[in-house]
Amino acid sequence: MKKIALAVVLAAGLMGAENVPFIGVSVGNAELKSTVALTGYESKIDDTHYTATLGQYIDEYGRVSLSYTYVEPTHNIKNSDGASIAFDLILPMIDNAFFVYAGPVVGYTRFEEEAAGIKLDLSGLHYGGQAGAIVRVMNNIEVEGGYRYLIETGSDTILGINIDADTLRMWYIGANLRF
């Protein structure tokens, strides 16, 4: 938790620089994979996610962002959301209109499920990376699409059996407004 707080302070310091801030929204698909110990059984939860992002472009070749992702709960899922901090390196491809990006992501995932009085909590830290493309439609409006791959650290024990969250894979498409 201390690492996340340090990253938030670092991101806030970068946002104070004289560069272009942005806000964004996106929608896509999130797939959480978990493994049941002893049996090796793999479970996949596949749902729609919505993400809101606040960020800051750093010159032409980078950006830092703070995102909140809400995953639409289905079946027995009680809570499913997360917060992430990302830093992307940006490579301009076509005349200030098309860019590709990639960078590391770190944050926290909350995942709670309840069925028949049994509660499963796979909440924990996540880390990984993201990559995608940005198309600047106008000077202050962008369309963005990408893929995020996160390694999850959450685990829980139910009836003496350990269940570990393994990965969270997300693809998304959205729009950004630059100020």
Side-chain angles (χ1 to χ4, degrees), residues 1-33 47-73 79-111 123-154 165-179:
M1 211 56 172
K2 289 181 183 179
K3 291 179 184 177
I4 291 175
L6 177 62
V8 168
V9 169
L10 199 64
L14 287 172
M15 288 182 175
E18 292 184 12
N19 291 297
V20 180
F22 72 95
I23 60 171
V25 293
S26 63
V27 63
N29 180 267
E31 178 188 276
L32 176 67
K33 187 180 101 180
D47 288 314
T48 302
H49 76 83
Y50 306 94
T51 301
T53 303
L54 295 172
Q56 179 81 27
Y57 278 92
I58 303 167
D59 295 325
E60 296 177 53
Y61 304 106
R63 70 179 180 176
V64 63
S65 61
L66 176 62
S67 298
Y68 171 76
T69 300
Y70 172 78
V71 180
E72 192 171 327
N79 291 307
S80 184
D81 60 0
S84 300
I85 295 173
F87 176 77
D88 297 317
L89 294 174
I90 299 172
L91 180 62
M93 300 298 281
I94 301 173
D95 296 330
N96 204 28
F98 180 76
F99 309 84
V100 293
Y101 66 89
V105 178
V106 64
Y108 184 81
T109 300
R110 180 174 65 156
F111 181 85
S123 302
L125 295 176
H126 63 248
Y127 59 93
Q130 66 182 11
I134 301 168
V135 176
R136 191 158 299 149
V137 180
M138 296 172 52
N139 191 35
N140 61 340
I141 298 174
E142 302 171 331
V143 175
E144 175 177 341
Y147 181 78
R148 186 178 272 191
Y149 181 86
L150 303 171
I151 298 169
E152 295 287 333
T153 62
D166 295 327
T167 59
L168 177 60
R169 300 172 186 195
M170 302 167 71
W171 65 263
Y172 53 91
I173 187 161
N176 300 329
L177 178 62
R178 296 165 48 105
F179 295 100

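Sequence positions, counted from 1, serve as the residue numbers for this chain.
Rounding to the nearest 0.5 Å places OH of Tyr149 at 14.0 Å from CE of Met170. From Phe99, atom CZ reaches atom CG of Leu91 across 9.5 Å, with rounding to the nearest 0.5 Å. Rounding to the nearest 0.5 Å gives a distance of 8.0 Å between CG of Asn29 and CG of Asp47. Annotation: the span from Arg136 atom CZ to Asp95 atom CG amounts to 12.0 Å, rounded to 0.5 Å. Distance CD1/Ile134 to CD/Glu142: 5.0 Å, rounded to 0.5 Å. Taking CZ from Arg148 and OG from Ser84, the interatomic distance works out to 4.5 Å, rounded to the nearest 0.5 Å.
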Let's go through Phe98 and Val100 carefully: what are the C-alpha distance in whole Å and the side-chain angles of both, what is the deciding distance for side-chain contact (heavy atoms from CB on, under 4.5 Å) to 0.1 Å, and is it a yes or a no?
CA-CA 7 Å; Phe98 180 76; Val100 293; 4.1 Å; yes
Should Ile23 and Asn176 be marked as a side-chain contact (heavy atoms from CB on, under 4.5 Å) after you check the CA-CA gap, both sets of side-chain angles, and the distance that decides it?
CA-CA 6 Å; Ile23 60 171; Asn176 300 329; over 6 Å; no
Phe111 and Leu32: side-chain contact (heavy atoms from CB on, under 4.5 Å), yes or no, with the steps?
CA-CA 9 Å; Phe111 181 85; Leu32 176 67; 3.7 Å; yes
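No side-chain heavy atom of Leu54 sits under 4.5 Å from any side-chain heavy atom of Tyr68. Side-chain contact check for Leu177 versus Ile141: some heavy-atom pair is nearer than 4.5 Å. Residues Leu125 and Val106 have side chains not in contact (no heavy-atom distance under 4.5 Å, counting atoms from C-beta outward). The shortest distance between side-chain heavy atoms of Ser123 and Tyr108 falls below 4.5 Å. With contacts defined as side-chain heavy-atom distances shorter than 4.5 Å, the pair Tyr57/Ile90 qualifies.
Checked by atom type and distance alone, the side chain of Thr69 never pairs as donor or acceptor with a backbone atom of Asp81 at under 3.5 Å. The backbone N or O of Glu31 lies less than 3.5 Å from no partner atom in the side chain of His49, so there is not a single donor-acceptor pair. Looking at Thr153, its side chain never comes within 3.5 Å of a backbone N or O of Gly124 through a donor-acceptor pair. The closest donor-acceptor contact from the side chain of Gln130 to the backbone of Gly146 lies at 3.5 Å or more, if one exists at all.
Classified by interplanar angle (parallel below 30°, tilted 30° to 60°, perpendicular above 60°), the ring pair Tyr70/Tyr50 is parallel.
Closest non-hydrogen pair, Leu168 versus Ala30, comes out as CD1-CB, 4.2 Å. Of all the heavy atoms in Tyr172 and Tyr147, the pair that sits closest is CE2-N, 3.7 Å. Ser65 and Thr53 make their closest contact through CB-CG2, 3.6 Å (heavy atoms, listed as atom of the first residue, atom of the second, distance). The nearest pair of heavy atoms linking Val105 to Ala86 is CG2-CB, 3.9 Å. For the pair His126 and Leu150, the tightest heavy-atom approach, listed with the atom from each and the gap, is CD2-CD1, 3.6 Å.
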